[in-house]
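All remarks here apply to the structure that follows.
Ligands are counted one by one from 1 in listed order, and the atoms in each one are counted from 1 as well.
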Amino acid sequence: MGAQHDENKQTSGDDDPSRQDCASIADVSVEVATVDHTLQKLRRKYRKTRRKPKGLKRLWLRLLNIPYITVIITAVVFVVVVIMWSLLWVFIFRRESNSGAYFAGMFRVANVEFIPEYRQAESHEFVSMANKIQHVVNNVYKMSSVAKLYKQAVISDLSNNNKGGVLVHFWMAFVVPQLKSSEMCEECLAAIFRDSVHTSLNRSSVGYLLGLPVDIDSILINGVQRSDYSSNTADSQCVDKMYANLPGVMVPLSVFSSWGGINCHVKLTAVPGSLIRLTITSFVIEPSDCVNDALTVYDALLPMRGRILHSLCEPVSSAVSIVSTSNFMLLSFRMTNGNKNFRGHFEAIAEEVCMSQIETQLEPGIRDRMYSPFYPSMLPPQCSCTWKFKTQNSTLGVALRFHNYVLKLKDMNGCDQGWWKVNEVIYCGSYVGHDTVFRIADYNPDMEFRCSSRTSAQPFQASYSSYSMNQPCPESHFLCNTGLCVQKTRLCDGLDDCQDESDEVFCSRPTMSCGANSPLHPLLVCNGETDCTDGVDELNCTHETTCSAIRYQCKSGSCILKKNAKCDGLDDCQDRSDEADCACGRPSPLTRVFTSTGLERIVGGVNSAEGEWPWQVSLYFDGHLYCGASVLSTDWLVSAAHCFNKQRLSDPRYWRAHLGMLTQGSAKYVVEIQRIVVHEYYNAQMFDYDIALLQLKKPWPPSLSPLVQPVCLPSSSHTVTDSHRCVVTGWGYRTEDDTVLSLVLQKAEVSVMSQTECKKRYGIISPRMLCAGVPSGGRDACKGDSGGPLSCQAPGGGRWFLIGIVSWGSGCGRPNLPGVYSRVTKFTSWIYSHIR
Ligand code: ARG
């Protein structure tokens, strides 16, 4: 800069070019020397004031430069975050993915005499025996393939038992990483235990395990809930032990919820060689989900999952009694807030020798009774009984009239409601809602019964008599497929006298003869359709008359001929009860109802419109759409029993109901389920009684109306005629081999088929089933629609009634194979008995 400046000075000060050149060279050299000098001076001066930084310090100074600082801060933050994340993962997440697995088990130590001191867990004798056994159990699992997961075993009880020796009841805890949870099966743990016992070749089931004589056949290990484990071990202030030392002496029991919010266990033990009969005489509880509030009875001394005899979660109206399979039983009483208690007693009873010789009377028609073992107590999971009948006359057989129970030839499936052998032929029993007669065409038949359900089952009784094999029913009677005899005059009268409709199917179509000669068929009378040209079939329909299943019963108890009197807008009953409770079955009038767009999708369905089916509910299980349901009231839904059939499916906590939904995910109201009531006669093999009620945790608010609304529940006399419009709705599959559910609620119009037609297609159709479809197929419900409604509209734009519940079908939409629905009219009183 200085040189330039001087140069400029020179140029502007002298205009002679030759002089200019010379002068400039000399000047430049002078100037260069000057600059160098100045710089050196400056450097010296600088050195004097600030010493030059060396090594690290220089680096430091460089780093203090602004862009460097940003980079460093970023790097430090990054490193800290990585470290923290690793620590979190190691100490929290990894620990969380390790979960505790808890088991309870029992086994018999043979050749050891039981002493009364073993009953006291504090006694020296108990402690020393328990330590010894604990050492053995520890050894078994610490030497096994699950050694790394094994945490500890705790011996909780030593009991005397029917086989002699001492029965050991113990807990085990494992810490299991999620990935290894499959190694934690009950059977695997039991197998490890069994394999450790050294047996000799003398066929005895008793072998040795570190010197302890263990009965291999007695080893049983079962999963338990974590809460049961902790309530039994850590805070055991609510574990009680009670004994029935003398047979036949009743020991009173009374448990109150004064503790509040805990899990109480009462362990019952009876004299060896006996069983325990527990009788619950009163049980105060609000009906709940059966998870948080329940009294559970176990066939064990610890709450083993596979040994549940019975769970009670509703108040009992009459005494319930339950029998164990050995000399102990556990009552586990879970209670959240509220006043709950149960009272009852228990006693030691003898194992029943259930064998009887029965002389049937020669005179057909004279009846005596036979009962299930321990009647009227519930049946334990194991029992057996034999009856040997003797009849003097070889032309007579034995007829057993069962109450609410039926025997059917065993098929491929197992029997889970009673196993029967009658003269070498195997039958399965099942519970139904009516009487049946089982006829054995043999005068000296042998009958064997074995309990075959996993938990306690309902008792049964039958009356028996001899019957003439040549003529099973009296003259003028008809033999039903249920074994019952009904008067021939009752054939084809529109009433299911046989209880399986065998007197009503394959009848010729009701004659339309409306003349004076033959009486009008009862099904045509007052069904809302004019069948006679002069209309006589629809006259005087509101006159009071005798009651029957096909007549409408008013609240007062009197009956009228009109079948569909309920909510039709006319006061038919004198007490007007037929028009009370009619805020149902009217879709929102504001919405446009779309008709077919020609874009046929779900097995012949089309998109529904918003508010078109305000009772349609979508049920989500564990976050996935699983079934449909219908709104019955502000807190009750109705669905199919088969949606809730397995262990987890029956637990209300996994379910959510989506109400007021058209497109998946757009529900107006999503609510938890308080409890699930599955029909007590639901038969998973036949899909009979396929109905369940769901109570919502919180009723839906009235503000959601009209997008959420109940459907009308038909009276049991309600009949669907040709002029009804029936529509099935749901988000289920669109074809049989579809893989995705529909996004928009689909609807398809179908027609209700006669029971006779339906039986021709499927064979086994119970009176609780109804078929609907179209003859060519192609319009039907499918997988995912189950539990949803088949809604039928009363003629003339009337209200919509819930006529069917999607239940089953062979494939979807196949020609001549209609959809099968639960027939709601058969369940009217069952539904009201729960929701009112
Ligand atoms: N069981 C099926 C479900 O779980 C419904 C089957 C209905 N089938 C029929 N073809 N209608 O969703």
**Item:** Those protein residues which place at least one heavy atom below 4.0 Å from ligand 1
**Value:** H642, D780, A781, C782, K783, G784, D785, S786, V806, S807, W808, G809, G811, C812, G819

**Any residue meeting side-chain contact (heavy atoms from CB on, under 4.5 Å) with R814, in chain and number order, not counting sequence neighbours** = E736, S810, L817

**Request:** In plain terms, say whether E672 and R653 are close enough for a salt bridge, that is, a side-chain N and a carboxylate O under 4.0 Å apart.
**Result:** no

**Request:** Could you verify whether a donor N or O on one side chain and an acceptor N or O on the other, from T729 and W613, lie under 3.5 Å apart?
**Result:** no

**Request:** Kindly state each residue pair satisfying salt bridge (Lys or Arg N to Asp or Glu O under 4.0 Å) with at least one member in residues 617-630, sequence neighbours excluded.
**Result:** D622-R648

**Prompt:** Taking atom OH of Y682 and atom CZ of F644, what is their separation to the nearest 0.5 Å?
**Reply:** 11.0 Å

**Prompt:** Does any pair with a residue in residues 803-836 pass disulfide bond (SG atoms under 2.5 Å apart), and if so which ones, sequence neighbours excluded?
**Reply:** C782-C812

